[in-house]
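Everything on this sheet refers to the single structure shown next.
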Amino acid sequence: MQDSKRSSRRKLLRIGVAAGGAVLANRQIAKAAEDTPGQLGIPLGPYGERSPFEKAVRWRRDTKTPETGSSFTPLQDSVGTLTPSSLHYERHHAGIPTIDPAHHQLVIHGLVTRPLSLSVAEIRRLPSVTRTLVLECGGNSGSEWAAKTGPDVQRSYGLVSCSEWTGVPLSLLLSEVGVQPGASWVIAEGADACRMERSIPLAKAMDNILVAYGQNGEALRPAQGYPLRLIIPGWEGNANVKWLHSLKLTDQAYMARDETAKYTDLMPDGKARIFTYQMEAKSVITFPSGGQTLPGTGLYELTGLAWSGRGRIERVEITTDGGRSWVKANIQEPRLPIAFTRFRLPWRFDGRDAVIASRAVDESGYTQPTREALIGARGTNSNYHFNGIKYWKVQADGTVINVEA
Ligand SMILES: Nc1nc2c(c(=O)[nH]1)N[C@H]1C(S)=C(S)[C@@H](COP(=O)(O)O)O[C@H]1N2
Ligand SMILES: [Mo]
């Protein structure tokens, strides 16, 4: 195993040099060294910026009101397994409120013995945990249901990001207030103008939900819910209420807008699936992907991201022949549960059309379905929870397009 890995690495290097990366004569090496800047650089700064040469940005869909809408993570430019906070996707229903944490309170009330109002400072003092977790909008890649495919991976798959979140377990706060018998739901409400609400079953609230204040080593970004939000491992983005200011214990769900009119799936029999919180295993190739162009034939590394709301990714398989044959991709360790898992596979583009896709299997044994199987089970009225296998077509001229295989 080790040996074969080593020899394939040697082969790769040889091919890389042969492909002409940069075989320099001594004279040219001296010149390249001269070209590196010799003058004094710019001064140190208090808060970091990326290189001015880096251009990856979120893409935002036009909406009538600039405060509402979504912006999408540039997955095609991502490396590794984390999303920088500045590129985390955004979904807001009433803009990003500006909240001074000194004046923000979280109230926990309803069917509890000791209702509480906690300041942000009081919450940050409590025992906390840190977890790297994917956050995905239930509507991510929803355009694939109707095959109105977005032109690139950002616009079709970019409502998903992965951050390190830090917060206080919700179970701790609930044990503090004393949940009364008969309570079975927690209604979370945000402090944004729409007062977004979601109903969360008490069992999940007692299991692994965080009241998060931290993201990637610092406070949450305002767009991500500063100063407090819910982080619900493995559940659709919408339930992860931002700008959290109220948790109310009740004996029934609220049937809020975002769990009735939205975030439900109309099934072929005319009934709707409701409270579909769970996000299933999913994967997508980010290179090569729609809108990119391979500069020529030769060796490339296919790469992409896989994740599952149910736990770790067990394996990812890749096809380069439209689904006829599948091979196992290399997986970046460590594999964290419910986190982006980077997969990679060396691949030679020989100048002929190639239809490529990835298929993820998670540790529960769940296998990412084909789009056809998904439509067979759920019909075509759905907007949410699309996790079908995603095909891209690398065309003979190196251009890559979004296709259905
Ligand atoms: N208060 C509040 N919480 C909210 C929303 C919102 O508009 N207001 N949008 C929800 C939706 S639909 C999603 S997908 C996630 C997006 O989180 P993000 O913007 O941090 O990516 O937040 C959810 N929580
Ligand atoms: Mo969402």
Side-chain angles (χ1 to χ4, degrees), residues 58-61 63 65-75 78 82-99 104 106 133-143 154 157-167 186-200 209-216 218-248 254 256-265 275-279 282 307 309 340 382-387:
R58 290 184 286 225
W59 173 77
R60 88 163 292 248
R61 177 172 284 145
T63 48
T65 45
E67 298 82 9
T68 62
S70 323
S71 69
F72 296 64
T73 293
L75 296 176
S78 74
L82 289 175
T83 311
S85 304
S86 44
L87 294 176
H88 196 286
Y89 85 91
E90 303 169 284
R91 174 78 184 98
H92 317 305
H93 293 75
I96 305 167
T98 303
I99 299 179
H104 187 77
L106 170 62
L133 293 164
V134 152
L135 187 70
E136 182 179 17
C137 179
N140 190 28
S141 60
S143 58
Q154 177 168 21
Y157 273 71
L159 291 175
V160 62
S161 302
C162 185
S163 287
E164 187 202 75
W165 304 101
T166 296
V186 182
I187 314 302
E189 189 184 83
D192 46 343
C194 65
R195 294 284 191 265
M196 212 204 80
E197 290 165 323
R198 279 303 299 260
S199 309
I200 295 153
I209 295 179
L210 295 181
V211 173
Y213 53 79
Q215 178 186 6
N216 296 331
E218 61 182 350
L220 295 173
R221 291 287 166 103
Q224 264 69 62
Y226 182 84
L228 296 174
R229 81 173 303 167
L230 287 185
I231 286 292
I232 311 184
W235 281 18
E236 64 184 10
N238 186 268
N240 294 247
V241 173
K242 301 189 279 191
W243 311 296
L244 183 70
H245 75 163
S246 167
L247 293 168
K248 186 176 183 183
Y254 242 44
R257 173 185 179 273
D258 279 320
E259 53 203 23
T260 51
K262 301 285 174 185
Y263 296 95
T264 57
D265 304 307
F275 299 124
T276 48
Y277 309 100
Q278 183 69 52
M279 299 304 286
K282 187 162 170 178
W307 63 96
F340 271 171
S382 288
N383 292 316
Y384 303 105
H385 294 274
F386 179 91
N387 69 327

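We're numbering straight along the sequence, starting at 1. Values below: every heavy atom of this structure, side chains too, minus hydrogens, waters and symmetry copies. Indexing begins at 1, ligand by ligand and atom by atom, following the structure's order.
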For this session: Describe, in one word, how the ring planes of W243 and H92 are oriented to each other, choosing from parallel (under 30°), tilted (30 to 60°) and perpendicular (over 60°).
Result: tilted
Problem set entry | Proximity to ligand 1 by part of L135, non-hydrogen separation under 4.0 Å | side chain
Problem set entry | atom 24 (N) of ligand 1: the protein heavy-atom neighbour that sits closest, reported with distance to 0.1 Å | N240 O, 3.2 Å
Problem set entry | Atoms in ligand 1 with a heavy atom of V241 nearer than 4.0 Å | 3 (N), 24 (N)
Exercise. At what distance is the nearest protein heavy atom to atom 8 (N) of ligand 1, and which residue and atom is it?
Worked result: D192 OD2, 2.6 Å
Exercise. Which atoms of ligand 1 sit under 4.0 Å from any heavy atom of G190?
Worked result: 1 (N)
Exercise. Within the side chain of R229, is there an N or O that forms a donor-acceptor pair under 3.5 Å with the backbone of N240?
Worked result: yes
Exercise. Does the pair E259/R198 count as a salt bridge with the N-to-O cut at 4.0 Å?
Worked result: yes
For this session: Write out the residue and atom name of the closest protein heavy atom to atom 20 (O) of ligand 1, then the distance separating them to 0.1 Å.
Result: R229 NH1, 2.8 Å
Problem set entry | Residue portion contacting ligand 1 (non-hydrogen atoms closer than 4.0 Å) for S161 | neither
Exercise. Does W243, backbone or side chain, put an N or O under 3.5 Å from an N or O of ligand 1?
Worked result: no
Exercise. Any ion pair linking E136 and K282 (charged N to carboxylate O, less than 4.0 Å)?
Worked result: yes
Seminar exercise, completed: When distances are taken from atom 14 (S) of ligand 1, the protein heavy atom at minimum range is Y89 OH, 3.2 Å
For this session: Could you check which of E236, H88, H93 puts a non-hydrogen atom nearest to atom 7 (O) of ligand 1?
Result: H93
For this session: Answer yes or no: is there a donor N or O on one side and an acceptor on the other, between the side chain of Y384 and the main chain of G138, under 3.5 Å?
Result: no
Problem set entry | Atom pair CD/CD1 of Q278 and I232 - distance to nearest 0.5 Å | 11.5 Å
Seminar exercise, completed: So OG1 of T98 and OH of Y226: to nearest 0.5 Å the spacing works out to 10.5 Å
Problem set entry | Those atoms of ligand 1 less than 4.0 Å from some heavy atom in Y263 | 12 (S)
Seminar exercise, completed: atom 19 (O) of ligand 1 has as its nearest protein heavy atom K242 NZ, 2.6 Å
Exercise. Who's the nearest protein heavy-atom neighbour of atom 9 (N) of ligand 1, and how far?
Worked result: R91 O, 3.2 Å
For this session: Return yes if a side-chain donor-acceptor contact under 3.5 Å exists between T73 and T83, otherwise no.
Result: no
Seminar exercise, completed: Note: ligand 1 atoms sitting under 4.0 Å from heavy atoms of G237 are 13 (C), 14 (S), 15 (C), 22 (O), 23 (C)
Exercise. Backbone or side chain, does any N or O of H92 fall under 3.5 Å from an N or O of ligand 1?
Worked result: no
Problem set entry | ligand 1 atoms in contact with C137 (distance to a heavy atom under 4.0 Å) | 14 (S)
Seminar exercise, completed: protein heavy-atom neighbour closest to atom 5 (C) of ligand 1 works out as M196 SD, 3.3 Å
Problem set entry | Distance-only polar pair, side chains of E67 and H93, donor-acceptor under 3.5 Å | no
Exercise. So how far is it from F72 CZ to W59 CH2, rounded to the nearest 0.5 Å?
Worked result: 5.0 Å
Problem set entry | Option passing salt bridge (Lys or Arg N to Asp or Glu O under 4.0 Å) with E90 (candidates R61, R58, K242, R60) | R58
Problem set entry | Close-contact set for ligand 1 against Q224 heavy atoms, below 4.0 Å | 18 (P), 19 (O), 20 (O), 21 (O)
Seminar exercise, completed: So the atoms of ligand 1 within less than 4.0 Å of a heavy atom of A223 turn out to be 19 (O), 20 (O)
Seminar exercise, completed: Interatomic distance, OG@S161 vs CG@L75, rounded to 0.5 Å, equals 7.0 Å
